[in-house]
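What follows is a set of notes on a single structure, which appears directly below.
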Number of protein chains: 2
Amino acid sequence: MRLSTKGRYAVTAMLDLALNGVKGPVTLAEISENQGISLSYLEQLFAALRSKELVRGVRGPGGGYYLGKSADDISIANIICAVDEWVEFTRCGGRQNCSRGSRCLTHSLWDDLSAEIFDFLANISLGDLVRRGAKEAESKPPALNVVANGEDSRAA
Amino acid sequence: MRLSTKGRYAVTAMLDLALNGVKGPVTLAEISENQGISLSYLEQLFAALRSKELVRGVRGPGGGYYLGKSADDISIANIICAVDEWVEFTRCGGRQNCSRGSRCLTHSLWDDLSAEIFDFLANISLGDLVRRGAKEAESKPPALNVVANGEDSRAA
DNA sequence: TAATTTCCGAGTAAATTACTTGGTAATGAG
DNA sequence: CTCATTACCAAGTAATTTACTCGGAAATTA
């Protein structure tokens, strides 16, 4: 699994789309404005997302983008894989001259962990996040939308 | 959370260290040889790991690196944060002019997800991986160390 | 003393990121 | 029908990051 800023842009944009796309399509210009991502970078990202059928574009005035399928059927892993494309990290994929000693054990463990991270992200859907947001919005006054995360605690 | 190839190198190297460092220190030259990472790149990574006290270096002949603490006290998140350094993704950290509408909700949701990914990796220790490897090694014939992962299944 | 190893900093090619520019194609509003 | 609007597309590029090379210095052991 690879989680770069590019993947973040894609997830953030998809989240924006899921939240704002309930009534009619959302234009990339809106997402660009909302999220502070350049329009043509969004175009690139959405070209990748479209090719994986995670979004569907409608041209012309009043057009924009819809989710390609239900938000519950789109996982975070789907989104990240669409734009970041999975690259094999270890060169030995179990087959080469790397099959003895602790070297390949390391690689095997890495692959296991990597798959576990993937599964984790594959089990979180856009729909999950949207529902989580709906709960937050009702339990909090809308103006005091404070992000409560101890940033420093995770640096150590 | 950010999971780049740099972080992978670090995790892989630390795993190698945990596996081979049971008797005496491990040199970077060995890890370089084992994992196919250039020596001076390892030096850079280990400088970061050392500054976070995840490893401890011993100079001179017979020297090398030890884990800085018990493998059970080193999480994958620790390792990745040490080399990749946490960068705030959304510019609005809850305080700026981004606190109305669905824009900040998107950011807040992203931050939540990001924290969740972090927690996930914070709860997997090097020790966990080593124990998992020990189990694998005993249940499998050593030569048939096949990495069993359906790579294509996760692309879709 | 000499070999070994960490430790350190400067420099760099290659890749990736994020963006700009300049279009074309489809489509709805007037 | 025309035009504004939108997706769609491709080439180029500055900035950043990755992964590495080089050339050392400092500590430590044989």
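Naming: A, B, ... by sequence-line order, numbering from 1 per chain.
Distances from the side chain of A/Y41 to the nucleotides C/dA3, C/dC19, C/dC7 place C/dC19 closest. Side-chain atoms of A/P61 lie closest to C/dG28 of the nucleotides C/dT16, C/dG28, D/dT29. The side chain of B/T27 lies closest to C/dT5, out of C/dT17, C/dA3, C/dT5. Proximity note for B/I37 (side chain, C-beta onward) versus D/dA27, D/dC20, D/dT18: the nearest is D/dC20. For A/L28, taking side-chain heavy atoms from C-beta onward, the closest of the listed nucleotides C/dC19, D/dA7, C/dT4 is D/dA7. Residue B/R2 places its side chain closer to D/dT17 than to any other of D/dC9, C/dT6, D/dT17. Distance from the side chain of B/Q44 is smallest for C/dA10 among the nucleotides C/dA10, C/dT17, D/dT18. Residue B/K6 has its side chain nearest to D/dT18 when only D/dC8, D/dT18, C/dT17 are considered.
Put simply, the side chain of B/T5 never gets that close to the backbone of B/R8: no donor and acceptor are under 3.5 Å apart. Put simply, the side chain of A/N34 never gets that close to the backbone of A/I31: no donor and acceptor are under 3.5 Å apart.
Residue A/R59 places no side-chain N or O under 4.0 Å from the OP1 or OP2 atom of D/dC8.
Residues B/L54 and B/V130 share a single hydrophobic cluster, defined by chaining ILVMFWY side chains whose heavy atoms lie under 4.5 Å apart.
At whole-Å resolution of the value, OH in B/Y9 and P in C/dA15 are 12 Å apart.
Taking a cutoff of 4.0 Å between a charged side-chain nitrogen and a carboxylate oxygen, B/R50 and B/E43 do not qualify as a salt bridge.
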